[in-house]
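Here is the structure we will look at.
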Amino acid sequence: MTERFHMPSLGADMEAGTLIEWTRQPGERLAKGDTIAVIETQKGAIEVEVFHDAIMGRPLIAIGDRVPVGAPMAELEPLEGAASPSPSAPPAATGAQSAGGRAAPRGSAHRPEPAAAAPPRSATPAAASAAARPRHRASPAARRLAQRRGLDLAALTGSGPEGAITLADLEAAEARAGQPQPAPARRPSGGKADLAAMRQAIAAAMSRSKREIPHYYLAHDIDFTAAAAWLERRNGERSPGQRLLSGVLFIKAVALTLQAFPELNGFHRAGRFEPADAIHVGCAIAIRGGGLVAPAIHDADRQDLDALMARLRDLVARVRSGGLKASELSDPTVTVSSLGERGVDRLYGIIYPPQVAIVGFGTPRTRPWVVGDAVRPRTLVTATLAADHRHSDGHRGALFLAGLAAHLQAPEAL
Amino acid sequence: MSGETIQITYREAVRAAIREALDRDPRVFLMGEDVGRYGGCYAVSQGLYDDYGPARIRDTPLSECGFTGAGIGAALGGMWPIVEIMTVNFSLLALDQIVNNAATIRHMSGGQFHVPVVIRMATGAGKQLAAQHSHSLETWYAHVPGLKVAAPATLEDARGMLWTALTDPDPVILFEHVMLYNRAGTLAADASAVPITGAAVRRAGTDVSLITYGGCLFKTLEAAAQLAAADIAAEVIDLRSLRPLDDATLMASVAKTHRAVIIDEGWRSGSLAAEVSARIMEQAFWELDAPVGRVCSAEVPIPYPKHLEDAAVPQVPAIVAAAKATLGQ
Amino acid sequence: MTTHPLSREAILAIALEALTRVAPDLADESIAPDADLREDYDLDSMDFLNWVAALHERLGVDIPELDYPKLATLGAAADYLLQARAPE
């Protein structure tokens, strides 16, 4: 059954989007996660993705149209032989069901069995027509490596059997990622965010946050000396393209600490707390001239520092030049905001709804600090937590910051 | 090891193994159709009748069920019989004895009785003997618990597996591919018993694992040589044992190469290749960088005409193509 | 490694080009050689690191973290890189 693709919501502050470009044409087969369109929002040009496999159908709006969140943008046709994934859709009639007289299971999404056993595959598996090929085939080994390294398969082109992404493709991509990346071409329609519109969006989201979320704030001075020394030593052994920023340590430490604090990682929706089943850290990235955006690094707790650095580098590049994906804006389960080297001592964040916590890091500085009986110069960083008091209390928040401090004492384990 | 080698054929290696067994242990005897005066339909036992006499080299009536059953009975009675069945195609007449008796008695007797019989069978196509003499049904036996099934492909295995099989308390089936009998090569003069379990890496490589056994081994090695010329380092694994399968060796290879093609002269449906492929999927799925490939026989009764027989069974170009397909080439 | 000799002007041009690649939003700015990149143009840690990495890649000069302050402006960076590439 034909269904419709709607203008997605990329955050509590988004009201509408303007269609800039269709990236797929009617009749093309779409795999889950494929970008089908680019929309202009208050956060700039964003690529929007489909949520399941389908065939691109008839467009319902034209380029340049501005439509509210939830408005239909295009039709999506089901894949041949598969029932529509919409729960309300009746299962498509198939030979197996009519011939066997078997009642289709009721209720949720159902994939009917093929009418007859598939014929044995020919020795050359490339029998499927190129047109019916989903875009992002990847081998199991490539998927595992991509997950471990935090690489985005959707961004790669495959060279393997039937165009699948293979280990070799990932290795080539990693080699490229290790190099300074050439700046992506700027979108002709202007990938840069409209700063005035972004200002409005931030205003709306932050006002709502301050109006609705009972924040509590905690701050904790963390001895960063060991971690800073470790980072300096490690970076000293590496060429600039391989070096890490301290912000990456913060992201990883927060993600690891959150594993034990599910009440800080998730969403406030419909009056209830919805814990997230993964830790996707939104990384606040300032835009020169004003404004900021906080796209997600997915599964940040399960990636090593090099992978996180590569992801952060990629996100910053795309914030600068356009090309963020819709899922990157809608997926964060928590936010980390780090002031970097030219900031001040501490930052008290405002929670980005519907998230329930934001962790801030001030600029690491050398300060007097009591070690044993003596006052010593140590590198300190102040971590802050702003959290939603409806779902957690100061005691748990304090334990979280203490846990964070502990993780930062053992940088080699991050 | 003395370091001395001899020139020998596969047929002669099997014969030498039978001689050694007959000499080493008085419980050993050979029985089967035309194994005595005629010297065996593939001439494996040529000369043995003259040297060992009719009590130890026994011609049998044309009744696979009867003489295989007699061999199993002799094994239960304390002998170490070597039963030769002309081809696996005829062994179907003895399936009841092998599957219902040989394979089960140790288990059904609570371990009181062993069946140390060894059943040798020729298998495979290539001699223009048509469908009723040419099929590769190894997998039917490899399906049955209670049996050990091995496929010696090299001279070392042809020479060394028989004694180990005889000393095994369980029934062992040895498959000798008909196209191997005339293969000649060098063998250590003092070659002796080798294990009947465990796979062997016959050629090391890093790009794709070519997994095979029996008559397809040398075609696969030839394919690997051609692949090497195209800069593809194929690893060739000889299963040797079809039951039990050596999962560890297979998975270690796939973990290294991330690609696998199985070459099996059996028909694709329900084949050993299917079993190996399924195990790779179960145990090494996340190592795979390409779908597992298979090169099997065409799903037809093996034809008589030479060109059709050749077309029906796995050949080097198909193996090369399947290996390249796993690399997206 | 033999380094192809480059003039200070050439290095300056390469440094500017690398900068606008890592910060394409600065492409339309005219950046004075003595302007402080981080203070005046809001180059953040990631931009700066990407720029250093690009300079390392293009010019073969190893740039330890301790020397980062010596690359505060385009002009200072050109002087630093020129000296680092000079034959011993």
Side-chain angles (χ1 to χ4, degrees), chain A residues 31 53 114 116-175 278 298-299 302-304 307, chain B residues 206-209 223 231-233 251 253-264 266-271 273-274 277 280-300 311-329:
Chain A
D53 298 0
R121 252 165 54 134
S122 66
T124 47
S129 78
R133 181 181 297 166
R135 260 177 83 212
H136 301 308
R137 281 180 197 271
S139 76
R143 287 183 187 283
R144 184 180 60 180
L145 184 68
Q147 189 195 35
R148 285 180 180 167
R149 304 278 174 84
L151 298 167
D152 182 8
L153 288 172
L156 302 180
T157 312
S159 69
E162 298 180 71
I165 296 165
T166 64
L167 289 175
D169 298 323
L170 284 181
E171 281 155 13
E174 280 197 299
H298 291 98
D299 297 309
R302 297 193 304 192
Q303 303 190 33
D304 65 28
Chain B
T206 52
D207 295 335
V208 56
S209 301
D231 239 12
I232 297 168
M251 302 316 151
S253 179
V254 173
K256 181 171 68 168
T257 63
H258 305 290
R259 300 174 190 91
V261 175
I262 305 140
I263 302 96
D264 178 2
W267 293 299
R268 176 186 304 270
S269 305
S271 58
S277 174
I280 291 171
M281 230 71 82
E282 288 167 346
Q283 300 174 41
F285 181 80
W286 296 108
E287 298 291 353
L288 288 175
D289 208 17
V292 173
R294 286 194 281 166
V295 181
C296 299
S297 283
E299 307 239 350
V300 294
V313 301
Q315 302 292 0
V316 173
I319 301 170
V320 169
K324 286 185 169 175
T326 66
L327 286 132
Q329 298 179 16

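What you see is a predicted model, and the numbers here were worked out from it, not measured in a lab. A, B, ... follow the sequence lines: proteins, then strands. Residue 1 opens every chain. Scope of the values below: all heavy atoms of this structure, side chains included, with no hydrogens, waters or symmetry mates.
Ala164(A) does not touch chain B: none of its heavy atoms, backbone or side chain, sits under 4.5 Å away. At a 4.5 Å heavy-atom cutoff, Ala138(A) makes no contact with chain B through either its backbone or its side chain. For Ser159(A), the part lying near chain B is the backbone, with the side chain staying farther off; criterion is any non-hydrogen pair under 4.5 Å.
Here the CD atom belonging to Glu287(B) is positioned 11.0 Å from the OG atom belonging to Ser253(B), to the nearest 0.5 angstrom. From Arg294(B), atom CZ reaches atom CZ of Arg268(B) across 5.0 Å, with rounding to the nearest 0.5 Å.
Contact detail for Val208(B) and Thr326(B): the closest heavy-atom pair is CG2-OG1, 3.7 Å.
More than 12 heavy atoms of other shown residues, nucleotides or ligands fall within 6.0 angstrom of atom NZ in Lys256(B).
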